[in-house]
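Proteins get letters first, then strands, A, B, ... in listed order; numbering begins at 1 in each. Every value quoted in this text rests on a predicted model; they were computed, and no experiment measured them.
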Amino acid sequence: MDLDGHHDAPVLDPMASELWPTDPAAARAVQERLRGLVERDDRFGPVHRVAALDAHYAADNSVTWAAAVLLDAADMTLLRSALVCKPTRFPYVPGLLSFREVPAMLDSLAMLGERPDLVVVDGHGTAHPRRLGIASHVGVLSGLPTIGVGKSLLCGRFVPPGPTRGDQSPLIHRHEVVGTVLRTRDGISPVFVSTGHRVSQESAVRLILGMLGRYRLPEPTRIADAVSRMHPPGPKAPQAERTAGGTGRSALSQSD
DNA sequence: GCGACAG
DNA sequence: ATCTTGTCGC
């Protein structure tokens, strides 16, 4: 595949401070800059290992916990998992979720110690006002193929898909198809699937359909959610401050 | 100006 | 996301 033997390295340094502004206006400017790096065509190989990312918060929102899980794509069994935490440094603002959760997510992804062939992110990909939802953001900064699976609508319009599992309808925003509204269970509210990075919209839907079990959300997402819920409770007790980009804390790492 | 608004 | 009890259904 790659001429030099290793997979593509991200074009940008995820650690670069200019990529993590503190105010909303600057954050939108970063999105406008990164949107041009999103690749909406298929550019991934055989999917043997799938990863999923999800984030949760301590009761007082001061710390963000992110979970990354790695599953065997063949049988959806858990291979590895990582749970990390970092101080929360950006408020929740619709459309700017990445600036709140991606830093911790990238840390958890690194903690897996193994590069997955595909990543499923909790949240939208291109189904975003500026086409850079959290799934696309993770994809561009990690260089990995990603798919976004959202549980509720952020932007766009759609005609409800049929009532049966597998039924779908296009999600449209400003005359552009930005995702697919997919019924993953008979009679249950649909989910929103959208390209993250290096996965076409068609492939994204096909791949997600293949990862469904007996629930509304795809297995990788469900497992990641379960792991992220395992974080310690309540307001963080006096925890030493990490000034130099420390991982904060990690746990739950398995191996061979 | 008004409503909508991922996790 | 998080705070929360019971309840309906497979």
| Starting at CZ of A/Phe192 and ending at P of B/dA6, how long is that distance when rounded to a whole Å? | 10 Å
| request: Grab the CG-C1' distance between A/Asp54 and C/dA1 for me, whole Å please. | output: 9 Å
| task | Return no unless some side-chain N or O of A/Ser152 is found under 4.0 Å from OP1 or OP2 of B/dG7. | result | yes
| Whole-Å distance separating the NE2 atom of A/His137 from the P atom of B/dG7 | 18 Å
| request: Indicate, with a heavy-atom threshold strictly under 4.0 Å, whether A/Arg229 touches base, sugar-phosphate, or nothing. | output: sugar-phosphate
| message | Please determine whether a side-chain nitrogen or oxygen atom of A/His56 lies at a distance below 4.0 Å from atom OP1 or OP2 of C/dT2. | response | yes
| message | It should be established whether A/Lys151 places a side-chain nitrogen or oxygen under 4.0 Å from OP1 or OP2 of nucleotide B/dA6. | response | no
| request: Scan A/Leu96 against the nucleic acid and name what it touches under 4.0 Å (heavy atoms): base, sugar-phosphate only, or nothing. | output: base
| A/Asp122 side-chain proximity, nearest of B/dA6, B/dG7, C/dT2 | B/dG7
| Which part of the nucleic acid, if any, lies within contact of A/Gly95, taking any heavy atom under 4.0 Å across all strands shown: a base, the sugar-phosphate backbone alone, or nothing? | base
| remark: Between CD of A/Gln31 and P of B/dC5 the distance, given in whole Å, is 18 Å
| note | Rounded to whole Å, the CZ-C1' distance (A/Phe158 to B/dA6) equals 14 Å
| field | Length of the line joining A/Lys86:NZ and B/dG7:C1', which is rounded to integer Å | value | 18 Å
| query | A/Asp225 CG to B/dG7 P: how many Å, rounded? | reply | 11 Å
| task | May I ask whether A/Val30 and A/Tyr92 are part of the same hydrophobic cluster, defined by side-chain heavy atoms of I, L, V, M, F, W, Y residues being less than 4.5 angstrom apart, directly or through others? | result | yes
| So, A/Arg100 side chain and A/Phe90 main chain: donor-acceptor pair closer than 3.5 Å or not? | yes
| query | Between A/Tyr92 and B/dA6, does any side-chain N or O lie under 4.0 Å from OP1 or OP2? | reply | yes
| task | Determine the minimum heavy-atom distance between A/Val227 and A/Ala82, stating which atoms define it. | result | CG1-O, 4.5 Å
| said: Side chains of A/Thr64 and A/Thr88 only: does a donor on one sit below 3.5 Å from an acceptor on the other? | reply: yes
| Choosing from B/dG7, C/dT2, B/dC5, which nucleotide comes nearest the side chain of A/Leu154? | B/dC5
| Roughly how many Å is it from CZ in A/Arg28 to P in B/dC5, rounded to a whole number? | 16 Å
| query | How are the rings of A/Phe192 and A/Phe158 set relative to one another: parallel (under 30°), tilted (30 to 60°) or perpendicular (over 60°)? | reply | perpendicular
